[in-house]
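Proteins get letters first, then strands, A, B, ... in listed order; numbering begins at 1 in each. No experiment lies behind these values; they were computed from the predicted model shown.
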Protein chains: 4
Amino acid sequence: MAEVKVKVASGAKEAAARPRARQVKAASKDADLVREKRGQLVAAAVRVFKEKGFHDTSVRDIGREAGMTQGTIYNYVGSKDDILYLVCDQIVSEYQEETRKALDNSADPRTRVRSAVRAICEVMVKHQDEVLLTYQDSHLLDARSRRVIFARVEEFVGMFETILTEAARELGRPLPDPHFAANAITFFPTMLVLRRWSLKARHRQSELIEWLVEFLVRGLGFE
Amino acid sequence: MAEVKVKVASGAKEAAARPRARQVKAASKDADLVREKRGQLVAAAVRVFKEKGFHDTSVRDIGREAGMTQGTIYNYVGSKDDILYLVCDQIVSEYQEETRKALDNSADPRTRVRSAVRAICEVMVKHQDEVLLTYQDSHLLDARSRRVIFARVEEFVGMFETILTEAARELGRPLPDPHFAANAITFFPTMLVLRRWSLKARHRQSELIEWLVEFLVRGLGFE
Amino acid sequence: MAEVKVKVASGAKEAAARPRARQVKAASKDADLVREKRGQLVAAAVRVFKEKGFHDTSVRDIGREAGMTQGTIYNYVGSKDDILYLVCDQIVSEYQEETRKALDNSADPRTRVRSAVRAICEVMVKHQDEVLLTYQDSHLLDARSRRVIFARVEEFVGMFETILTEAARELGRPLPDPHFAANAITFFPTMLVLRRWSLKARHRQSELIEWLVEFLVRGLGFE
Amino acid sequence: MAEVKVKVASGAKEAAARPRARQVKAASKDADLVREKRGQLVAAAVRVFKEKGFHDTSVRDIGREAGMTQGTIYNYVGSKDDILYLVCDQIVSEYQEETRKALDNSADPRTRVRSAVRAICEVMVKHQDEVLLTYQDSHLLDARSRRVIFARVEEFVGMFETILTEAARELGRPLPDPHFAANAITFFPTMLVLRRWSLKARHRQSELIEWLVEFLVRGLGFE
DNA sequence: GATGAATGAGCTTTCATTCAT
DNA sequence: GATGAATGAAAGCTCATTCAT
């Protein structure tokens, strides 16, 4: 079987520097076609995984949703696990890309931080099902894939570490531990997803986000 | 086959008031025996689930770890899914029970809150594998079971809501949204588990907890 | 899955000395049952392999012939390859055992050799389908299994080497290469099987065997 | 789809007389092209079959080795089984052709027979992998193809029957069964291949062949 | 009540073959 | 004539569950 390894498209320039981006096998050599079909595949997989989870979804299910037979799927992907990897990769990429775009580098450091946190929250809410999916299924990735995905998130955290450090400097309120702080502000908003069964019943989304933003700003000591 | 429904043992008195506590089928009529065997079963299941996850663990695996054969297991439990339910139930119960015990109702409200948050963090760290397990596998529960487990957590959150409201009153700094605040302080510490791949590399556990405590206290505006 | 390795029963005492007799996985712990079921399995497999060959026989086919479902088969065997190994092992064992029993250690060395060759031929003819099967499918064994089977045949050849050497000594006609000679007399009779499409049309079995015996005796220079 | 049946090229004139030479379907109408492409195909297939066997070789594998895509292959051949037939056909043809050429029709009947046997052995050794391939995979042919191949071998045996009969007459030592004898001398040398795992370890090739030649000559009673 | 053999549905994956381009 | 994407049947294997002993 002729095989070709196609690097997974990734939205960031730093991708090149990332450890070893996992390769996914494709039987087809037409890179454009591979990209296209994988796109359909991943989109379909996200839909069914959201509903049934990775393990309770069969390759046939994915195929049905994507309008491909299983045989076809295996032209573009080496295994079911590859699909999960592509799904996680895409979700993380999209989430991060969108967050990046929503950042507001206006002058005031307080405003900058607030807007950054708000951006995270809003993208989180918008993609809540996908985020939930990664929290529920990413541990099913093989060790290598998981490391790649985590490395990607780590980069994302690093970006916020820079933002916070800069703001802290400008405000004259040095952060004792910027890495921890960056983890805090990128992680905390997942509460909107992982606790939505508790929060949804009692709060409106917009309020939640404002509350969260203020909570984090205070937590950082930037108020 | 004579069957009997045995209420799942739960550490709290309020259990009776919980919506509809899920029943788990047992073929055996001896309630004590059922309790004992389920205890062994759950303990064994936790161990193997932590290592391999629910889906990659077979009923045989659980049986081997518990010293029971498959047939025996089905005397005390109706299905593999039941075991997952019992496991989640026990983990949540133990976690909550232990946290409750660690609360310090000393006079000073600030100290009280700090100690409460620290208690959560410490139990979280102590049971990190079990907590991770619930975050990874609880979505595999059927809707009913999930609701029961969530209701249990909601109770727990409610307890902290009370603590926070009381402290806020004493401090004269009213919380705009105690339910949200209670979710915040009970959820945030999960970062120690769900981001441990990022945090472990760079921070010592004790520092992390102190940082977290102060972050939350500031976030609450109790500082 | 609880597993037990059961040594494949082998007819010869020397088995213990054989390199590393291949182990075959069994999920069942009851050694007697394993033996019994494997017996049925192998018998059924021989029948279908003879007809369709290893590759064109599915595990389901074997199961149907053996009166077991595939699930059951995998209680007694680790893989389809294991079945092939067991089949080859049994065929070789039976063939050799039967040949051994047919040996006539009478006084006259010429008669002894003749009877040995005749024994080989007769058992060969009796088990021609099975012998054919090993010649057609044994190359599908994994390297390890093949080595074990070959080692078994080598032993068999060795036995004849001894017989021939002894006879040669008694006759005062030393064999230049007893190992080669032993290979010759154990291999040549396979012609009855591997060329049966040519021989059957024109010759009667009994004549063939006599011809073969005399051919070999002359070839050895024992005439 | 226009189809044309192309007779398989065969090296011997007698081919026309052979029962019913199997036809192999070709989508292409250009007989020369078909011959050429099939040549490439067969050569490639022999190489991969030798290594992995028929069943473990996919049509893609053959195509890759032959520098053709799957689609192209099916322009020149009707099925994967056809390829096996062509492969067996070619191997047998080449083997026989080469042996024929090596025959030495010198005057002395003993020398003639010796040289004939030696020729068989030498070609056998030279083509051992191909010969092994036919012994391992020819049973995968459909009945018709197998019959055709066997008929071809029967012709070959017939040729040696003539040689032996003639020699026997000249020597004044009539052979009781020339057909059997011809089978014996054409089959016995396969020992060099089918027992090579036993012989290679202990003997040098040239010695083996000499031993074999003498063994057969004695067996025939021509010594 | 305990056992573990039996079941069979269901899984992922491969691959010979077809056919639109 | 060449391509290779698509197909879908069929394979080996696993495992939750049942039930006779």
Step by step, would you call C:Ser138 with C:Ile149 a side chain to side chain contact (heavy atoms under 4.5 Å, CB included)? CA-CA 9 Å; C:Ser138 67; C:Ile149 298 291; 5.7 Å; no
Can you tell me the distance, in whole Å, between the NZ atom of C:Lys25 and the P atom of F:dG12? 17 Å
Rounding to a whole Å, what distance do you find between C:Tyr74:OH and E:dG8:P? 17 Å
Send over the distance from D:Phe54 CZ to E:dT14 P, rounded to a whole Å. 19 Å
Interatomic distance, C:Ile83 CD1 vs F:dC13 P [rounded to whole Å]: 9 Å
Under 3.5 Å side-chain donor-acceptor pair for C:Asn75 and C:Thr72: no
Report yes if the side chains of B:Val59 and B:Tyr74 come closer than 4.5 Å at any heavy-atom pair, otherwise no. yes
Closest listed nucleotide, where the reference is the side chain of B:Thr72 and the choices are F:dC13, F:dG12, E:dT3: E:dT3
Between the base of E:dT13 and the side chain of A:Gln70, is there a donor and acceptor pair under 3.5 angstrom? yes
In terms of side-chain heavy atoms of C:Arg60, which of E:dA16, F:dT7, F:dG12 is nearest? F:dG12
How many whole angstroms separate atom CD1 of D:Ile73 from atom C1' of F:dA2? 12 Å
If you only use heavy atoms from C-beta on, which nucleotide in E:dT12, E:dA16, E:dG1 is closest to the side chain of D:Ser58? E:dA16
Taking only the side-chain heavy atoms of C:Lys37 (C-beta and beyond), determine which of E:dA6, E:dA16, E:dG1 contains the nearest atom. E:dA6
Tell me whether the side-chain N/O atoms of A:Ser28 come closer than 4.0 Å to OP1 or OP2 in F:dG4. no
Whole-Å distance separating the NZ atom of B:Lys80 from the C1' atom of F:dC15: 8 Å
Using modelled atom types and a 3.5 Å cut-off, is there a donor and acceptor pairing between side-chain atoms of B:Ser145 and backbone atoms of B:Leu141? no
Sort out the partner of F:dT21 for me: Watson-Crick or G-U wobble, both distances under 3.5 Å, none otherwise. E:dA2
Over 60° means perpendicular and under 30° means parallel, so classify the ring planes of C:Phe49 and C:Phe54, tilted if in between. perpendicular
Which of F:dA11, F:dA5, E:dT12 is nearest the side chain of A:Val59? It is E:dT12
Toward the 5' end of DNA chain E, by each residue's nearest nucleotide, B:Asn75 or C:Leu33: B:Asn75
When you match C:Asp56 and A:Met68 each to their closest nucleotide on DNA chain F, which lands nearer the 5' end? A:Met68
Output the rounded distance in Å from CG (C:Asp81) to C1' (F:dG12). 10 Å
Counting side-chain heavy atoms from CB outward, which of F:dG8, E:dT12, E:dT18 is closest to A:Thr69? F:dG8
Specify the separation, in whole Å, of atom CG of B:Asp61 and atom C1' of F:dA16. 12 Å
Which one, E:dT13, F:dA5, E:dG1, comes nearest to the side chain of A:Tyr76? F:dA5
